[in-house]
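One structure below.
Proteins come first, then strands; the chains are lettered A, B, ... in the order of their sequence lines, and each starts at number 1.
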Protein chains: 2
Amino acid sequence: MPRSPNSPRPKAGSVTLATVAQRAGVSPQTVSNALNSPELLRPETLERVRRTIDELGYRPHRAAQTLRTRSSKLIGYGIRPTAPGTSAPVMDRFLHALSQTADEAGYRILLFASPPGSAGLDGYEELLDLHSVDGFVLSGTERGDQRQAWLEKRGVPFVGFGRMWSGRQIGDWVDVDGASGTDAAVEHLVALGHRRIAFLGWPRGSGVGDDRAMGWQRAMQRHGLPVRGKRAQSIDDIASAQAAVGPLLDAGVTAVIAASDMLALGCYHALRERRAVPGKDVAVVGFDDSPTAALLSPGLSTVAQPLEAVGRECVRLLLARMSELGAPPERVLLEPSLVVRNSTSASDD
Amino acid sequence: MPRSPNSPRPKAGSVTLATVAQRAGVSPQTVSNALNSPELLRPETLERVRRTIDELGYRPHRAAQTLRTRSSKLIGYGIRPTAPGTSAPVMDRFLHALSQTADEAGYRILLFASPPGSAGLDGYEELLDLHSVDGFVLSGTERGDQRQAWLEKRGVPFVGFGRMWSGRQIGDWVDVDGASGTDAAVEHLVALGHRRIAFLGWPRGSGVGDDRAMGWQRAMQRHGLPVRGKRAQSIDDIASAQAAVGPLLDAGVTAVIAASDMLALGCYHALRERRAVPGKDVAVVGFDDSPTAALLSPGLSTVAQPLEAVGRECVRLLLARMSELGAPPERVLLEPSLVVRNSTSASDD
DNA sequence: CAACGGTTTTGGAACGCTCCAATGAACTCG
DNA sequence: CGAGTTCATTGGAGCGTTCCAAAACCGTTG
């Protein structure tokens with residue numbers, strides 16, 4: 001990078017390998033080698049070519065490289081219209097990490113918005129052929145997701161954010177250990193002296209939700225605490241969560257662990273309705289650490305997913321897969337962390 | 001698309017123009033024409049070629065097209081690490097709309113995460129040369145932003161989400177009329193009978209913030225209401241907003257319009273601190289319609305930006321600019337809309 | 001000094017597409 | 001019925017890069 005920022009650069013875009021070659025008095029191939037296999041060149045030639053490249057501000061033309069090497073250095077990422085269990089802001093952080101890490105490895109993220117209605121497969125096909133992305137990152141994987149199988153059949157490298165919840169495990173994935181998160185929440189509450197700890201979850205059948213429920217259950221059992229009649233379910237919506245958790249509160253639980261911040265918020269409402277104060281009368285724990293969680297009063301204790309790490313891992317696994325298609329699949333389960341706020345440690349805010 | 005989903009497709013990726021040409025008994029050029037200038041072909045030839053394309057599942061190779069036509073059909077989008085005044089979830093919706101609209105026009109969005117620290121310009125250069133994006137969408141434009149001038153100098157088509165707040169206006173942009181939003185908020189409050197309406201803004205100097213303040217001010221003046229001593233400022237943080245708005249509340253204002261939902265939330269806290277209820281004792285209006293706004297109790301009335309429309313407009317302007325570089329710049333100012341919730345119409349939730 | 005391994009450099013072709021100019025076919029008209 | 005005109009199709013070149021195999025160079029060695 002030793003070029004003064006304002007040195008007049010021969011109009012970018014028109015500098016090709018040939019230009020550099022001519023100027024440096026070598027063949028185009030040698031210039032190519034200088035970039036791709038520098039060890040082939042005699043040190044002094046390399047130095048000279050490099051200087052020329054720098055002087056002219058040469059940049060290889062990606063399309064030409066892609067055409068020749070059949071590798072686009074592009075990673076496709078399908079943004080979905082906010083799947084359940086994955087709040088938008090959450091995905092935003094993930095996307096950032098993804099892009100950043102990919103960048104560092106010389107890859108770029110090509111966005112791909114699946115139209116709201118479609119199952120989405122047809123679109124992937126097009127994306128694949130058209131732009132010949134080198135690999136895919138899937139997110140918002142759900143039970144019965146067909147994308148993994150589809151991609152595998154075509155031999156396209158991919159990594160899922162989210163494990164496969166049913167059927168045969170296909171390909172690599174990175175996921176967050178939801179059970180471990182709710183387990184930790186139980187531990188936290190038990191340490192505070194709670195014993196009647198309820199779980200407010202989504203209707204059974206969603207992989208993510210069942211996993212989170214399981215963590216609660218196993219931790220409760222480990223402590224010899226009852227789970228019977230301590231579980232309610234609701235769709236991810238405040239009003240219905242509020243209604244669903246009511247009976248549990250009335251039955252006298254002292255703490256509620258919710259499968260999402262949204263559900264936890266329903267719980268806040270149910271408590272207020274009963275003139276009870278979250279964190280003081282009843283402890284509440286959410287899941288996701290959505291921006292809202294910090295803004296509530298009292299602040300909502302919640303389980304935070306390590307999204308940056310997930311993004312990094314996705315890229316890492318994808319790169320590995322691309323470099324060695326036949327390797328055994330790798331699956332990474334990351335630990336979430338409990339963020340403690342006032343909803344589980346009563347003070348006055 | 002009249003192909004049964006499971007018909008054996010000759011392994012994709014290896015089908016080229018030449019393959020199709022041979023199969024259809026025409027020259028490669030004719031196949032190319034069938035796709036790009038169908039009006040040149042005799043209807044029956046066109047039909048035959050099209051059928052063959054379909055049978056073979058042919059897709060043009062983007063890199064080859066790019067190499068030849070010098071147009072990548074790629075739009076660069078620099079995601080920034082959440083600039084002030086633009087909350088992450090908000091940008092998420094925008095990104096969706098952007099991608100969707102671009103898609104429909106045959107373009108794709110290439111993500112580009114500027115590393116947190118950097119001013120970011122160097123990165124753009126690389127992105128531009130390397131992947132030869134056809135155009136750029138800038139977001140999170142700020143006072144003194146250098147990107148517009150930089151891009152203009154290089155003759156790269158671009159559109160900003162966010163007007164230029166200082167200096168010479170450069171290029172096209174799309175923005176939301178913040179002043180109009182706060183103006184509407186005043187109207188709404190006046191209609192409810194409020195007269196002592198305060199504004200809680202950011203420190204002066206940010207274009208976005210000053211614009212929002214201005215809308216409040218002009219509407220107040222139009223109604224002959226005093227603005228003196230009715231304004232406070234704070235950085236975008238709950239605690240400091242809470243502190244900043246205190247004196248206004250103590251001075252007896254009946255309504256507060258905040259420059260962001262975050263500030264509005266600080267206002268909620270300040271009210272609670274005084275044992276007052278938002279929406280009942282004092283009306284509060286936020287800005288952004290962040291997901292949190294709907295989740296609060298009482299629900300926060302707030303000014304919502306038409307992000308989907310902004311995304312669409314960005315693509316539209318960018319396409320126009322790309323097709324005619326010399327055209328006079330177009331600037332679009334979109335109207336936000338006031339979302340009324342219980343913070344301005346006291347009921348019990 | 002011719003022959004030889006090894007290193008360094010090169011020429012030519014190819015990737016898949018579209019541009020351009022030219023050819024062939026069909027049709028009009030003097 | 002040949003020349004002119006239009007319409008439909010084609011051949012060849014070239015976009016910028018990398019692959020491949022062959023060539024040039026070099027210092028050793030028999």
Side-chain angles (χ1 to χ4, degrees), chain A residues 10-50 52-53 56-74 106 128-134, chain B residues 10-50 52-53 56-74 106 128-134:
Chain A
K11 58 173 184 171
S14 59
V15 189
T16 78
L17 265 191
T19 324
V20 178
Q22 194 175 13
R23 191 90 181 293
V26 293
S27 78
Q29 179 58 41
T30 301
V31 181
S32 173
N33 286 338
L35 291 161
N36 302 317
S37 325
E39 73 281 4
L40 288 182
L41 299 203
R42 211 178 39 198
E44 54 198 82
T45 316
L46 179 58
E47 175 52 24
R48 182 159 41 99
V49 173
R50 278 193 170 149
T52 315
I53 287 177
L56 297 178
Y58 164 76
R59 313 266 182 151
H61 193 292
R62 265 259 47 121
Q65 292 180 309
T66 302
L67 181 57
R68 186 69 253 228
T69 63
R70 333 244 73 193
S71 156
S72 62
K73 294 281 189 179
L74 248 35
L128 201 63
D129 294 347
L130 229 66
H131 282 271
S132 21
V133 285
D134 292 340
Chain B
K11 58 171 187 173
S14 59
V15 189
T16 78
L17 265 192
T19 326
V20 178
Q22 193 175 12
R23 190 91 181 289
V26 293
S27 77
Q29 179 58 44
T30 301
V31 181
S32 172
N33 286 338
L35 291 161
N36 303 317
S37 325
E39 73 282 2
L40 288 182
L41 298 204
R42 214 176 37 198
E44 54 199 80
T45 317
L46 180 57
E47 175 53 24
R48 182 158 42 97
V49 173
R50 279 193 171 148
T52 314
I53 287 178
L56 298 178
Y58 166 76
R59 309 270 181 152
H61 193 292
R62 256 306 15 195
Q65 291 180 308
T66 301
L67 182 56
R68 185 71 253 228
T69 63
R70 332 246 70 194
S71 155
S72 62
K73 294 282 188 179
L74 248 35
L128 203 61
D129 294 348
L130 229 65
H131 283 270
S132 21
V133 286
D134 292 340

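Considering all non-hydrogen atoms of both residues, A:A63 and B:T66 come closest at CB-CG2, 3.5 Å. Taking each heavy atom of A:D134 and A:S72 in turn, the nearest pair found is OD1-N, 3.0 Å. When all heavy atoms are compared, the tightest approach of A:Y58 to A:V15 is CD1-O, 3.3 Å.
No more than 12 heavy atoms of other residues, nucleotides or ligands shown are found within 6.0 angstrom of CD on A:Q22.
Between the CG atom of A:L41 and the C1' atom of C:dT7 there is a distance of 11 Å, given to the nearest Å. What separates NE2 of A:H61 from P of D:dG14 is a distance of 18 Å, to the nearest Å. Taking atom CZ on A:R48 and atom P on C:dT9, their separation rounds to 8 Å, with Å as the unit. For the pair A:L17 CG and D:dG16 P, the interatomic distance rounds to 10 Å; values are reported in whole Å. Look at CG on B:N36: it is 15 Å from C1' on C:dC20, rounded to the nearest Å. To the nearest angstrom, P of D:dA24 lies 19 Å from CG of A:L40. Distance B:E44 CD to D:dT9 P: 8 Å, rounded to the nearest Å. Nucleotide D:dA8 holds its P atom 16 Å from the CD atom of B:E47, rounded to whole Å.
Among the heavy atoms of the strands lying under 4.0 Å from B:T69 are primed sugar atoms or P, OP1, OP2 only; no base atom is included. Counting any heavy atom pair closer than 4.0 Å across all strands shown, B:N33 reaches a base atom.
OP1 or OP2 of D:dT9 sits under 4.0 Å from a side-chain N or O of B:T45. Side-chain nitrogen and oxygen atoms of A:R70 include at least one within less than 4.0 Å of the OP1 or OP2 phosphate oxygen of C:dG16. A sub-4.0 Å separation between OP1 or OP2 of C:dT10 and a side-chain N or O of A:T30 is present. Contact between the side-chain N/O atoms of A:S32 and the OP1/OP2 oxygens of D:dT18 is found at a separation under 4.0 Å. For D:dG16, the OP1/OP2 oxygens have no side-chain nitrogen or oxygen of A:Q65 closer than 4.0 Å. At least one side-chain nitrogen or oxygen of A:S27 sits closer than 4.0 Å to the OP1 or OP2 atom of C:dT10.
Between the B:S32 side chain and the B:P28 main chain, no donor and acceptor come within less than 3.5 Å of each other.
In terms of polar N and O atoms assigned as donor or acceptor, the side chain of A:R68 never comes within less than 3.5 Å of the base of D:dT17 in a complementary pairing.
Distance from the side chain of A:Q29 is smallest to D:dC19 among C:dC20, D:dC19, C:dC17.
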